[in-house]
Amino acid sequence: MLVNVTGRRLASHSAPWMKGKAAKPYIKKKPAQPTSSHIGPVLLMTGTLGSSRSAKMARVDLPDAISNKNIKQMKCGFDHIIILHEDNTITSLGDNRKGQSFSSDPSLVGFCHFNATHEVDSISCGARYTFIYKKGTRSCRIAGHNEFHQLGIASVDDVVSDGKTSTFGIPWSPDIPSSEGGFEHISCGTNHTFVLMESGSVYAFGCNLDGQLGTGTTVSHNLPYPPKFWGAHQKSRPVTVCAGHGCSLFLCDDGKLFGCGKKDEGRIGLPWDPRKPVQLLPKQIPLNIPVDMFSVGLSHCTVVSKSGHWNVFGGSQKLGTAPAMIKDSADKETPLGLQAHARSAFKPDKVREVLLHPEGISGTTKVATLSSGKFHTVALTSSGEVWGTGWGGDFQLTSDNTDLPPDRRVLLHTNPHVVAAECTGSGTFIAINSKNDTPPSWEGLLSVSL
């Protein structure tokens, strides 16, 4: 179980929904004392996982079974984490009440380590479900929550695994024509899923109450169904799909970004219309910049342009959006697309570009990956810097950054051997593959045990 690692009282920094709940006692451990001779993975965390939290960046104590197994990939759901090691073994931790962590223990918070029954190279985590697959093939296993058919199977029963070598999850063989090739990319959202095939075709399934499947209706689908693309972007080939919370975004090879689903709070970058609160078909977002990558949170989207700059739209004041001011229909100045009463004022073409560094990002500091939690976003650069922005009330940006100014980004960690920086709903996790020449950037950090 996670322990708290700060001397501050929890009540003064707890989230609104935590008020009135008893705080767990803080247990302060001695700082970890690694040396440059340490070989193997290092996992750092700050923020919340389950009901426990770490208020400062801390080093997670790893079990002996994985202490020398370098990390190939790490992905996070709302409250669970899946780690793929270079030797094709898998480690999971966090919430497992729906079976999403491949363990038979519904109270799992600590580590579950097991061998993959087939070669895998990719992970996708939804809010409370998981897909593990190999690109270019139809090899895939699934586990977790399935109330809305987000696992792409006819049954609505959750898929719970005991984590044994031969039985983790269940194999998934979708009814998709063989001419579409293998899996290129799978994206899991809150309750719906997208599969991008090698052919460039996209298939969707799961909850569609807000039109997030992009099929032109609000009819949900329990088996893979193709969204309806039309008009100008039929010439654009989707290269990345992201399933969010009641919405979806599609990035095409020409840098254009499209969205469908809920339009409240500007979450898909389209103007709010009370007569049409949802976008049933994917529509181009008028950002007027070529997009390189993006990530989707609870109600916001963070975009990195091909020039390497951040752009944020949607969400609330918790997101660190640039304070561009516009007039709404009541002639009141409100932050750009932030609050519900400003829905009609949202104008995505006026999203301001905000730089990670004053001079922007270029050369060796280009953004390599993006990950978003409920209200925060973390970027990993090619030089090993981990930057964060957004709301940090659950310590996901450390206790020093619980209430960031709207245009501020903070450096959370830096190490040239960082391989992943990912967000849970309210936490930030950083994976480092340490070698003999790895600088011990975690030296002096407190350690936490799971």
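Residues: numbered from 1 along the sequence shown.
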Checklist line | Atom pair CG (Leu257) and NZ (Lys283), whose distance is rounded to the nearest 0.5 Å | finding: 14.0 Å
Check: Are any of the side-chain nitrogens in Asp253 or Arg237 under 4.0 Å away from the carboxylate oxygens of its partner?
Finding: no
Checklist line | Evaluation steps, side-chain contact (heavy atoms from CB on, under 4.5 Å), between Phe102 and Asn96 | finding: CA-CA 8 Å; Phe102 298 105; Asn96 191 53; 5.9 Å; no
Note to self: Are more than 12 heavy atoms, taken from residues, nucleotides or ligands other than Arg138, located less than 6.0 Å from that residue's CZ atom?
What the structure shows: yes
Margin query: Can you tell me how far apart NE2 (His300) and NZ (Lys374) are? Round to the nearest 0.5 Å.
Written below: 12.0 Å
Notebook entry, point to check: Looking at OG1 of Thr193 and CG of Asn146, how far apart are the two atoms once the value is rounded to the nearest 0.5 Å?
Noted result: 9.0 Å
Note to self: For His192 versus Ala243, what's the shortest heavy-atom pair and its separation?
What the structure shows: NE2-CB, 3.5 Å
Item checked: Candidate pair Trp272 and Asp264, rule side-chain contact (heavy atoms from CB on, under 4.5 Å), full reasoning -> CA-CA 6 Å; Trp272 166 258; Asp264 63 321; 3.8 Å; yes
Checklist line | Rounded distance [0.5 Å steps], CD1 in Ile90 versus NZ in Lys69 | finding: 12.0 Å
Note to self: Over 60° means perpendicular and under 30° means parallel, so tell me whether His221 and Tyr225 are parallel, tilted or perpendicular.
What the structure shows: parallel
Next item on the list: Decide side-chain contact (heavy atoms from CB on, under 4.5 Å) for Leu43 and Leu62; before the verdict, give the C-alpha distance in whole Å, the side-chain angles of both, and the deciding distance to 0.1 Å.
Entry: CA-CA 8 Å; Leu43 185 62; Leu62 300 180; 4.1 Å; yes
Next item on the list: Indicate the atoms forming the closest heavy-atom contact of Thr302 with Leu370, along with that distance.
Entry: O-CD1, 3.7 Å
Note to self: Can you pull out every side chain to side chain donor-acceptor pair (under 3.5 Å) where at least one residue sits in residues 174-185? Sequence neighbours excluded, please.
What the structure shows: Glu180-Ser199, Glu180-Ser201, Glu180-Tyr203
Next item on the list: Take Asp273 and Arg275 through the test salt bridge (charged side-chain N to carboxylate O under 4.0 Å, His left out) and record every step on the way to the result.
Entry: CA-CA 5 Å; Asp273 183 347; Arg275 297 167 300 178; 3.3 Å; yes
Note to self: How close do Ser382 and Ala368 get, counting heavy atoms only, and between which atoms?
What the structure shows: N-CB, 4.1 Å
Notebook entry, point to check: Hey, mind stepping through Met57 and Leu445 against side-chain contact (heavy atoms from CB on, under 4.5 Å) and telling me if it holds?
Noted result: CA-CA 7 Å; Met57 190 65 70; Leu445 297 180; 4.2 Å; yes
Notebook entry, point to check: Judged by modelled atom types alone, do Asn415 and Ser441 share a side-chain donor-acceptor pair under 3.5 Å?
Noted result: yes
Note to self: Consider side-chain contact (heavy atoms from CB on, under 4.5 Å). Of Met45, Gln396, His413, which one does Thr428 pass it with?
What the structure shows: Gln396
Next item on the list: Decide if the gap between the ring center of Trp172 and the ring center of Tyr129 is smaller than 6.0 angstrom.
Entry: no
Item checked: Minimum heavy-atom distance between Gly259 and Leu270, given as atom pair plus value -> O-CD1, 4.2 Å
Next item on the list: Look at the aromatic rings of Phe131 and Phe205 and report parallel, tilted or perpendicular, splitting at 30° and 60°.
Entry: tilted
Notebook entry, point to check: So do Ile83 and Leu93 actually touch side chain to side chain, heavy atoms under 4.5 Å?
Noted result: yes
Next item on the list: Return yes when atom NZ of Lys276 has more than 12 non-hydrogen atoms of other residues, nucleotides or ligands closer than 6.0 Å, and no otherwise.
Entry: no
Check: Taking C-beta and beyond as the side chain, do Cys301 and Leu249 meet within less than 4.5 Å on heavy atoms?
Finding: yes
Note to self: Looking only at the side chains, is there a donor atom on one of Ser383 and Thr381 sitting less than 3.5 Å from an acceptor on the other?
What the structure shows: yes
Item checked: Among Arg141, Lys72, Lys134, the one residue meeting salt bridge (charged side-chain N to carboxylate O under 4.0 Å, His left out) with Glu119 -> Lys134
Item checked: Atom pair CD1/OG1 of Ile66 and Thr91 - distance to nearest 0.5 Å -> 4.0 Å
Checklist line | Test side chain to side chain donor-acceptor pair (under 3.5 Å) applied to Thr130 - qualifying residues, sequence neighbours left out | finding: His80
Checklist line | With Glu422 via side chain to side chain donor-acceptor pair (under 3.5 Å) - residues at least two apart | finding: Ser371
Item checked: Over all atoms of both residues, closest heavy-atom pair of Gly144 and Leu151 -> O-CD1, 3.6 Å
Next item on the list: I would like to know whether Lys135 and Asp121 meet salt bridge (charged side-chain N to carboxylate O under 4.0 Å, His left out); could you show each step before the answer?
Entry: CA-CA 7 Å; Lys135 288 186 177 182; Asp121 61 11; over 6 Å; no
Checklist line | Pairing of Arg53 and Asp394 as salt bridge, 4.0 angstrom limit | finding: yes
Check: Roughly how far, to the nearest 0.5 Å, is the CG atom of Asn191 from the SG atom of Cys207?
Finding: 5.5 Å
